[in-house]
**Student:** 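Okay, handing you the structure first.
In what follows, residues are counted from 1 in the order of the sequence shown.
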Amino acid sequence: MRAVTLAELEAATGRDRWSLSHDFRMFYGTSPYRYLTMRRLEMARRLLLAGSTLASAAMAVGFADQSHMTRHFLKTHGITPGRWLRYAGGASTR
C-alpha cells in the first residue's frame, strides 16, 4: 500500500494543500491524516485476525513500529490491540 502525499495531490490538481484538506474534511468528516490512520488500523485488525503478529501487522500497514500502532489503536478503540485480539477470538499476540 502506497500513501499518496499532499504534494502529489497538489501537483495533480493545481490546488494548495489547505484547500485539499478542507475539501477532504467536508467530504469525509475527518482530516486526511486521521482517515489514513483509521484505514491502517482497519487493515491491522484484519491482519491480526488472520494470525499476523502485532509487530508484523504494524509494519505491514505503515506504522513505524508496534508501539506506534498500539498508541493509535488505544487512542481510537480504547483498548490495546492484544486485548482486542483476545476479545475478538484471535489466538495469541505472539
**Student:** Rounded to the nearest 0.5 Å, what separates atom OG in S52 from atom CG in L85?
**Tutor:**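 Atom-to-atom, S52:OG and L85:CG are 10.0 Å apart.
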**Student:** Give me the atom names and distance for the closest heavy-atom approach of P81 to L54.
**Tutor:**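 Result for this residue pair: CB-CD2, 3.8 Å.
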**Student:** To the nearest 0.5 Å, tell me how far D16 CG sits from L9 CG.
**Tutor:**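 Between D16 CG and L9 CG, I get 12.0 Å after rounding to 0.5 Å.
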**Student:** Roughly how far, to the nearest 0.5 Å, is the CE atom of M26 from the OG atom of S21?
**Tutor:**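 Answer for the OG-CE pair, S21 versus M26, is 13.5 Å.
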**Student:** Is it the case that the side chain of S19 and the backbone of R15 share a donor-acceptor pair, with hydrogens and angles ignored and the cut-off at 3.5 Å?
**Tutor:**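 The answer is no, because no donor-acceptor pair under 3.5 Å joins these two groups.
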**Student:** Any chain of hydrophobic side-chain contacts (each under 4.5 Å) joining I79 to L41?
**Tutor:**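 Yes, it is one cluster - the side chains of I79 and L41 are joined through contacts under 4.5 Å.
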**Student:** Spell out, as yes or no, whether a donor-acceptor pair under 3.5 Å connects the side chain of T70 to the backbone of Q66.
**Tutor:**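 Looks like yes, one N/O pair under 3.5 Å.
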**Student:** Output, in order, the C-alpha distance, side-chain angles, deciding distance and verdict of side-chain hydrogen bond (donor to acceptor under 3.5 Å, both in side chains) for T76 and R34.
**Tutor:** CA-CA 10 Å; T76 300; R34 184 69 178 149; 3.0 Å; yes
**Student:** Side-chain donor-acceptor contacts of residues 43-50 below 3.5 Å, not counting sequence neighbours, with atom names and distances?
**Tutor:**
{"from": "R45", "atom 1": "NH1", "to": "H77", "atom 2": "NE2", "distance (Å)": "3.0"}
{"from": "R46", "atom 1": "NH2", "to": "E42", "atom 2": "OE2", "distance (Å)": "2.9"}

**Student:** Go through the structure and list residues passing ring-ring contact (aromatic ring centres under 6.0 Å, His included) with Y28, not counting sequence neighbours.
**Tutor:**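 Counting only residues at least two positions away or on another chain, Y28 forms a ring-ring contact (aromatic ring centres under 6.0 Å, His included) with F24, Y35.
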**Student:** Enter the distance from L36:CG to M38:CE here, rounded to the nearest 0.5 Å.
**Tutor:**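 Answer rounded to 0.5 Å: 11.0 Å.
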**Student:** Using a cut-off of 6.0 Å, state whether more than 12 heavy atoms not belonging to H22 lie near its atom NE2.
**Tutor:**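 Incorrect, the count does not exceed 12.
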**Student:** Side-chain heavy atoms under 4.5 angstrom apart, residues restricted to Ile, Leu, Val, Met, Phe, Trp, Tyr: same cluster for M69 and Y87?
**Tutor:**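 Linked, M69 and Y87 end up in one cluster.
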**Student:** Taking only residues two or more places apart in sequence or in another chain, which ones pass salt bridge (Lys or Arg N to Asp or Glu O under 4.0 Å) with E10?
**Tutor:**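 Scan of E10 (salt bridge (Lys or Arg N to Asp or Glu O under 4.0 Å), adjacent residues dropped) gives R17.
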